[in-house]
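Note that these values count all heavy atoms, side chains included, but never hydrogens, waters or copies made by symmetry. In listed order, ligands and their atoms are each counted from 1.
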Amino acid sequence: MTTTDRPVPHPSPLTEPFWAACREGRLLVQRCDKCGAHVFTPQEFCRECHADALTWVESAGDGHVVTFTVIWRPQTPAFDVPYVVAVVRLEEGYEMVTNIVGTPPDVVTIGAPVRVRFTPVTDAITLPCFELA
Ligand SMILES: [Zn+2]
């Protein structure tokens, strides 16, 4: 793998299980032991019922595009343009802000089915991006 000038997430004790799983090609999400809600981004408490009993579970990584935008003028030249930033709703009911990769931006549509595709960026960070299913 490589290093990059691209800005990358900095794992915390709370988020490290998520990033460790991404490095292994698995998508984890927290599920509330009390109400069953899936919670993302990682939290100390359930957003639905405020219980502090959240357990990491594996997500299937399938979902659809809720909305997206195509970036032509990135915040840093470390990004290759154009690229797609999207909100994806996973089948478990939670949403992620992510990139749609592996396809020209002009074929991405709202509602398009997608599945997770892991993109290594550094030795520590593998991003859960999505591709059209
Ligand atoms: Zn809950």
If you define the side chain from C-beta out and look only at heavy atoms, does anything of R31 sit under 4.5 Å from T55? no

How large, to 10°, is the angle at the Zn ion (ligand 1) when you draw lines to SG on C49 and to SG on C35? 120°

To the nearest 0.5 Å, what is the distance between CZ on F130 and OG1 on T98? 5.5 Å

Could you check whether the rings of H38 and Y94 sit parallel, tilted or perpendicular, using 30° and 60° as the cut-offs? parallel

Gap separating the CG atom of L28 from the CD atom of Q30, nearest 0.5 angstrom: 9.5 Å

Metal proximity, H50 vs the Zn ion (ligand 1), N/O/S cut-off 2.8 Å: no

If the Zn ion (ligand 1) is the vertex, what is the angle to SG of C46 and SG of C32, rounded to 10 degrees? 110°

